[in-house]
Amino acid sequence: MPALRAFAVCRQISTLSTINLNKTINSFIANGNLKEARKLFDQSPHLRNVVSWNSIIAGYFRYRCIQQAEYLFDGMPHRDVVSWNTMLSGYRNANNPEKVYNCFLHMNRHGDKPNELTFAVAISSFLHKDFKHLVPQLHGLVLSLGISLNVFVGSALMRGYIDVDDYKGLARVFDEILVKDVTPWNVLILGYMKFGCTSEAQRAFDMMPTRNAFTWSTLINGYIENKKLNEARSLFDKMSEKDVVSWTAMIRGYVQYGDFMEALKLFKVMLSSGARPNHFTFSTVLDACAGNSAVLVGNQVHACILKSGFPLDVVLLTSLVDMYAKCGVIDIAFCIFESIPERNLVAWNSIIGGYARHGLPERAMQEFERMVKSGIRPDEITFINLVYACGHGGLVEEGERIFNSMVTDYGLKAEMEHYACMVDLYGKAGLLEKAEKLIEGMPFKPDVVVWGALLGACGLHSCLELGEIAANGIYTLENDHPAVYSVLSKIYGDKGVDSDITGLEKLMKNWRARKQKAGSWIESPSSISITV
DNA sequence: GTAGGGTTAG
């Protein structure tokens with residue numbers, strides 16, 4: 001008997017120590033001291049259990065040491081479902097759905113049964129990815145394994161069905177969740193809004209038992225997405241506790257629909273209400289300044305950011321570059337660009353776009369070369385900017401070279417915008433036949449922008465025949481386009497043709513053509529001043 | 001005692 005008691009005591013001691021070991025490991029990890037945690041782990045082979053292994057692996061993932069995590073996982077003597085979930089979650093946070101997928105398969109082949117969490121992690125990592133089509137299959141697996149749809153799996157599944165545009169799937173999963181908290185309701189609103197069903201979303205909002213900040217922001221954002229800015233605003237005004245997300249979403253709404261002045265006004269209201277803007281807010285407000293060419297306000301926002309002590313990250317600095325460039329202060333834009341320590345693709349696109357808009361194709365090309373040299377791979381937007389720059393500088397051959405290089409050297413597909421820029425480039429240079437041929441050879445039907453570029457060029461060079469083709473092209477797509485009338489009448493005037501003879505006069509009246517609003521770089525006296 | 005769902009950015 002004493003031996004048995006001793007064994008029991010020993011076991012108790014060892015269990016206690018294991019708990020202590022794991023506690024210590026976790027506190028090391030929480031303090032970022034991964035090395036100490038690992039040292040302790042290595043020194044205690046007799047005490048450590050599967051929890052210790054799981055903790056260390058999670059720690060490696062937390063500090064992005066994925067290879068070490070994998071190495072440890074492969075060498076584990078015994079794995080439980082948490083070990084697998086830790087791996088899946090790590091891969092998910094590393095934004096690697098392929099590894100999540102493989103790990104999930106591996107787990108099943110290994111004979112380890114997934115639990116609710118496994119599915120919640122797997123499904124959420126497939127959202128907005130090529131793997132999203134697995135969502136209905138995962139749903140089937142959940143059902144066949146008899147796993148209950150808790151709020152985590154349920155919410156993730158609902159998002160999955162939104163992602164694959166399955167309205168019925170979304171509603172079905174919502175009904176299948178037996179005990180719902182606020183999140184499935186929020187996701188339901190999100191889904192209804194994504195599917196354009198604003199009244200269903202509103203009804204869900206009215207029906208739900210409790211609401212939180214997410215609920216309000218989701219509904220406001222949904223209205224904005226569905227172009228119902230007034231509904232969004234009246235809801236926003238009703239919010240008793242507006243948080244930074246709802247402020248930003250509302251301001252962003254105005255920016256999206258071009259009402260930059262209202263966006264800036266709302267930002268001022270936000271500041272006077274005592275709410276504190278964050279990175280998202282500043283970035284959005286800088287967008288508003290850029291859209292409004294409001295460099296004075298932009299300066300104030302810049303000062304506001306500096307005063308608030310926010311660290312200037314790449315995103316914020318890029319917003320500043322964009323704002324200064326769009327407000328016509330390209331030199332300051334360039335200075336800020338130069339101050340960005342780690343420039344990413346968007347930052348480079350911003351400065352290249354800035355030079356493009358300023359009609360400085362050589363500078364745009366220089367920055368492009370620097371970008372490539374620094375190892376950043378250009379994308380479609382880079383090339384839109386470059387071709388646009390060439391068009392503004394009259395560099396036809398250079399533009400052609402860039403356009404071709406995009407496809408042959410970088411494997412990118414020429415999209416509508418690239419063709420529009422090329423048509424503009426040819427058109428401005430008076431090479432109307434080339435422009436026409438390019439449109440004919442396009443792999444898709446031209447849109448208003450392409451036709452518009454052609455029409456503009458025809459106006460510039462008084463080409464009646466092609467101008468009418470372009471105008472008709474626009475008419476078939478949008479029978480209410482303001483710019484058509486003025487360009488066509490210019491061509492008729494240049495050619496001395498009585499527009500009534502062509503029979504287009506009647507057509508043009510139907511277009512209810514309006515004069516386009518003119519923009520100015522000079523700030524209006526009513527511009528807003530921002531004070532902190 | 002390890003793993004988890006929903007809103008805003010260039």
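So that the names make sense, note that chain A is the first sequence line, chain B the second, and so on, each numbered from 1.
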Counting side-chain heavy atoms from CB outward, which of dG4(B), dG10(B), dT2(B) is closest to Val346(A)?
-> dG10(B)
For Asn115(A), answer base if it contacts any base atom (sugar-phosphate contacts may also be present), sugar-phosphate if it contacts only those atoms, and nothing otherwise; contact means non-hydrogen atoms under 4.0 Å.
-> base
Look at the side-chain N and O atoms of Asn221(A) and state whether any lies under 4.0 Å from the OP1 or OP2 oxygen of dT8(B).
-> yes
Under 4.0 Å between any heavy atoms, over every strand shown, what does Val187(A) touch: base, sugar-phosphate, or nothing? Just pick one.
-> sugar-phosphate
Round to a whole Å and report the spacing from CD of Glu342(A) to P of dG10(B).
-> 21 Å
Measure from CE on Met208(A) to P on dG6(B) and round the result to the nearest Å.
-> 15 Å
Pick base, sugar-phosphate or nothing for Val182(A), based on heavy-atom distances below 4.0 Å to the nucleic acid.
-> base
Per ring pair (Phe, Tyr, Trp, His ring centres under 6.0 Å), Phe368(A) is matched among Trp348(A), Tyr355(A), Phe383(A) by Phe383(A)
Separation of Asp243(A) atom CG from dA9(B) atom P, in whole Å?
-> 14 Å
What nucleotide, of dA9(B), dT2(B), dG10(B), holds the atom closest to the side chain of Phe280(A)?
-> dA9(B)
side-chain N/O Ser89(A) vs dG4(B) OP1/OP2, d < 4.0 Å = yes
In whole Å, what is the span from the CH2 atom of Trp53(A) to the P atom of dA3(B)?
-> 17 Å
Is there a donor and acceptor pair, one atom on the side chain of Thr218(A) and one on the base of dT7(B), closer than 3.5 Å?
-> no
Indicate the atoms forming the closest heavy-atom contact of Met76(A) with Ser83(A), along with that distance.
-> CE-OG, 3.6 Å
Answer with base, sugar-phosphate or nothing: what part of the nucleic acid does Asp287(A) contact at a heavy-atom distance below 4.0 Å?
-> sugar-phosphate
On a heavy-atom basis, the closest approach of Trp53(A) and Leu72(A) is CZ3-O, 3.5 Å
OH of Tyr192(A) versus P of dG6(B): gap in Å, rounded?
-> 19 Å
Check for a donor-acceptor pair, side chain of Ser283(A) on one end and backbone N or O of His279(A) on the other, with a separation under 3.5 Å.
-> no
Is there a donor on the side chain of Asn344(A) or the base of dG10(B) sitting less than 3.5 Å from an acceptor on the other?
-> yes
Tell me: CZ of Phe310(A) to C1' of dT8(B), nearest whole Å?
-> 13 Å
Checking Lys242(A) side chain against Met239(A) main chain: does a donor-acceptor pair fall under 3.5 Å?
-> yes
Determine the contact category for Thr183(A): base if any of its heavy atoms lies under 4.0 Å from a base atom, sugar-phosphate if only primed atoms, P, OP1 or OP2 are that close, otherwise nothing.
-> base
Ring-on-base stacking dT7(B) with Phe214(A) (under 5.5 Å, under 30°) = no
Nearest listed nucleotide, side chain of Arg159(A), among dT2(B), dT7(B), dA9(B) = dT7(B)
Scan Val151(A) against the nucleic acid and name what it touches under 4.0 Å (heavy atoms): base, sugar-phosphate only, or nothing.
-> base
Return no unless some side-chain N or O of Arg211(A) is found under 4.0 Å from OP1 or OP2 of dG6(B).
-> no
Nearest to the side chain of Ile19(A) - dG1(B), dA3(B), dG6(B)?
-> dG1(B)
Contact class for Val153(A) (heavy atom, under 4.0 Å): base, sugar-phosphate, or nothing?
-> nothing
To the nearest angstrom, the CG-C1' distance between Leu157(A) and dG6(B) comes to 14 Å
Rounding to a whole Å, what distance do you find between Leu266(A):CG and dT8(B):C1'?
-> 13 Å
Sub-4.5 Å side-chain heavy-atom contact between Glu36(A) and Thr24(A) | no
What is the nucleic acid contact for Asp322(A), judged by heavy atoms within less than 4.0 Å: base, sugar-phosphate only, or nothing?
-> sugar-phosphate
Where the side chain of Val245(A) is concerned, which of dA9(B), dT8(B), dG1(B) is the nearest nucleotide?
-> dT8(B)
How are the rings of Phe131(A) and Phe126(A) set to each other: parallel, tilted or perpendicular (split at 30° and 60°)?
-> parallel
Between dG4(B), dG6(B), dA9(B), which one does the side chain of Leu117(A) approach most closely?
-> dG4(B)
Nearest to the side chain of Arg252(A) - dT7(B), dT8(B), dG4(B)?
-> dT8(B)
Which listed nucleotide (dT2(B), dA9(B), dT8(B)) is nearest to the side chain of Asn278(A)?
-> dT8(B)
Using a cut-off of less than 4.0 Å, is there contact between a side-chain N or O of Arg79(A) and OP1 or OP2 of dT2(B)?
-> no
Report which part of the nucleic acid Asn150(A) touches: base, sugar-phosphate, or nothing (heavy-atom distance under 4.0 Å, all strands).
-> base
Please determine, for the side chain of Asn26(A), which listed nucleotide (dG1(B), dG4(B), dG10(B)) has the closest atom?
-> dG1(B)
